[in-house]
Amino acid sequence: MKYKFLIVLFFLLSNCQASKNNFVYESNGFAGNLIDLGIKENSEVFQVALNKKIPSKNIKITNLSNNKSIIISNIIFKKIESEYSIFLNNKAFSDLSLDSNLPYVRIETVKANPKFIAKTAKEFKEEKKVSNVSKVSSVGVISLNSKNKSNLVKNNKNIYLKYGSFYYKSYAVSLKNNLRNILKFNQISVEGKGKSFNVLIGPLKMSQYKQVYNLLKKTNYDSYDIIVK
């Protein structure tokens with residue numbers, strides 16, 4: 001009986017350790033410049049700053065415009081309130097060939113694999129999650145009508161913010177109306193059918209997204225997915 005107990009205990013501990021080692025974090029967002037945080041850059045290695053700690057020593061950053069990826073183990077954790085999900089040094093920006101006008105990336109935790117560093121990655125499946133939206137009150141007006149012509153010439157893709165999916169269309173419509181009251185922006189729509197509906201804000205350019213981010217963050221409407229197309 002004693003041996004059976006020890007075997008069960010060993011099995012449970014092994015599972016807990018495996019679960020910790022196999023921790024998976026995946027998120028899409030925009031990359032900012034590390035130098036803007038006042039952090040000294042090392043031009044010899046890849047550096048990254050994240051605003052929350054994750055139980056992994058290595059993360060993979062993928063440029064979603066060209067699928068180039070790098071593995072970074074030099075991670076700085078710093079509490080950052082920003083429209084950027086991650087901050088990279090110039091070496092990482094350069095190796096990923098990121099466009100500063102639309103630095104759209106995927107962030108993933110991975111196991112150490114030195115052979116993968118600076119290699120080109122394949123496409124990965126899009127993350128799917130259901131967003132939780134909080135009740136808020138109306139806030140100030142922002143202008144979303146200005147367009148930067150140079151950005152339009154360089155990159156014709158747009159940013160969309162997606163909430164959902166919702167089982168009832170009435171919930172999606174209610175959210176759409178609340179967002180319009182907050183942003184004073186009419187390009188907010190409900191898409192879907194049956195029992196799956198999403199709310200989309202967009203199209204937006206990067207300069208517009210920064211304004212929208214700040215308002216949505218203040219009003220607890222920041223549980224959205226970022227889509228670039």
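Each residue takes its place number in the sequence, starting with 1.
For the residue pair N158 and K229, no side-chain donor N or O sits within less than 3.5 Å of a side-chain acceptor on the partner.
Note: the hydrophobic cluster containing L37 also contains F30 (ILVMFWY, side chain heavy atoms under 4.5 Å, direct or indirect links). If you chain together hydrophobic residues whose side chains sit under 4.5 Å apart, I201 and Y160 never meet in one group. In the hydrophobic cluster analysis, where Ile, Leu, Val, Met, Phe, Trp and Tyr join through side-chain heavy atoms closer than 4.5 angstrom, V228 is grouped together with I188. Under the 4.5 Å side-chain heavy-atom criterion for ILVMFWY residues, no single connected hydrophobic cluster contains both V45 and I72.
With sequence neighbours excluded, the residues satisfying side chain to side chain contact (heavy atoms under 4.5 Å, CB included) with S196 are S165. Every residue meeting the side chain to side chain contact (heavy atoms under 4.5 Å, CB included) condition with N177, not counting sequence neighbours, appears here in chain and number order: V173. Take K91 and apply the side chain to side chain contact (heavy atoms under 4.5 Å, CB included) test, not counting sequence neighbours, and it matches F46, N89, D95. In this structure S43 satisfies the side chain to side chain contact (heavy atoms under 4.5 Å, CB included) test with no other residue, sequence neighbours excluded.
Here the side chains of L161 and I227 are not in contact, with every heavy-atom distance at 4.5 Å or above. Looking at heavy atoms from C-beta onward, V199 lies in side-chain contact with F166 at the 4.5 angstrom threshold. Between Y221 and I182, the closest side-chain pair of non-hydrogen atoms falls below 4.5 Å. The shortest distance between side-chain heavy atoms of D225 and N28 does not fall below 4.5 Å.
Residues L98 and P103 approach most closely at CD2-CA, 4.0 Å, considering heavy atoms. Contact between Q208 and P203 at its shortest, heavy atoms only, is OE1-O, 4.0 Å.
Taking OG from S73 and CD from Q47, the interatomic distance works out to 10.5 Å, rounded to the nearest 0.5 Å. To the nearest 0.5 angstrom, Y104 atom OH is 9.0 Å from I159 atom CD1.
Judged by distance alone, with hydrogens and angles left aside, the side-chain atoms of R106 form no donor-acceptor pair with the main-chain N or O of T62 at under 3.5 Å. A donor-acceptor contact shorter than 3.5 Å links the side chain of N63 to the backbone of L96. In terms of modelled atom types and a separation under 3.5 Å, the side chain of E108 and the main chain of I59 share no donor-acceptor contact. Between the side chain of K176 and the backbone N or O of L200, no donor-acceptor pair lies under 3.5 Å. For the pair T219 (side chain) and L215 (backbone), a donor-acceptor distance under 3.5 Å is present.
Using bins of under 30°, 30° to 60° and over 60° for the plane-to-plane angle, the ring pair Y224/Y163 lands in the perpendicular bin. Using bins of under 30°, 30° to 60° and over 60° for the plane-to-plane angle, the ring pair Y213/Y209 lands in the tilted bin.
Counting only residues at least two apart or in different chains, ring pair (Phe, Tyr, Trp, His ring centres under 6.0 Å) contacts with residues 188-208 are absent.
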With a cut-off of 3.5 Å and sequence neighbours excluded, list every side-chain donor-acceptor pair involving residues 74-87.
| residue | atom | partner | partner atom | Å |
| --- | --- | --- | --- | --- |
| S82 | OG | Y84 | N | 3.1 |
| Y84 | OH | K210 | NZ | 3.3 |

Decide side-chain contact (heavy atoms from CB on, under 4.5 Å) for L102 and K157; before the verdict, give the C-alpha distance in whole Å, the side-chain angles of both, and the deciding distance to 0.1 Å. CA-CA 8 Å; L102 198 65; K157 290 186 177 180; 3.9 Å; yes
Original post:
Does the pair N90 and L34 meet the rule for a side-chain contact (heavy atoms from CB on, under 4.5 Å), with working shown?
Top reply: CA-CA 8 Å; N90 286 331; L34 191 66; over 6 Å; no
**Message:** Run the side-chain contact (heavy atoms from CB on, under 4.5 Å) test on L183 and V212 for me, step by step, so that the C-alpha distance in whole Å, both residues' side-chain angles and the decisive distance to 0.1 Å come before the verdict.
**Reply:** CA-CA 7 Å; L183 301 176; V212 171; 4.2 Å; yes
- [ ] Could you give me the CA-CA distance, side-chain angles and deciding distance for K68 and S97, then say whether side-chain hydrogen bond (donor to acceptor under 3.5 Å, both in side chains) is met?
- [x] CA-CA 8 Å; K68 286 186 177 181; S97 300; 3.0 Å; yes
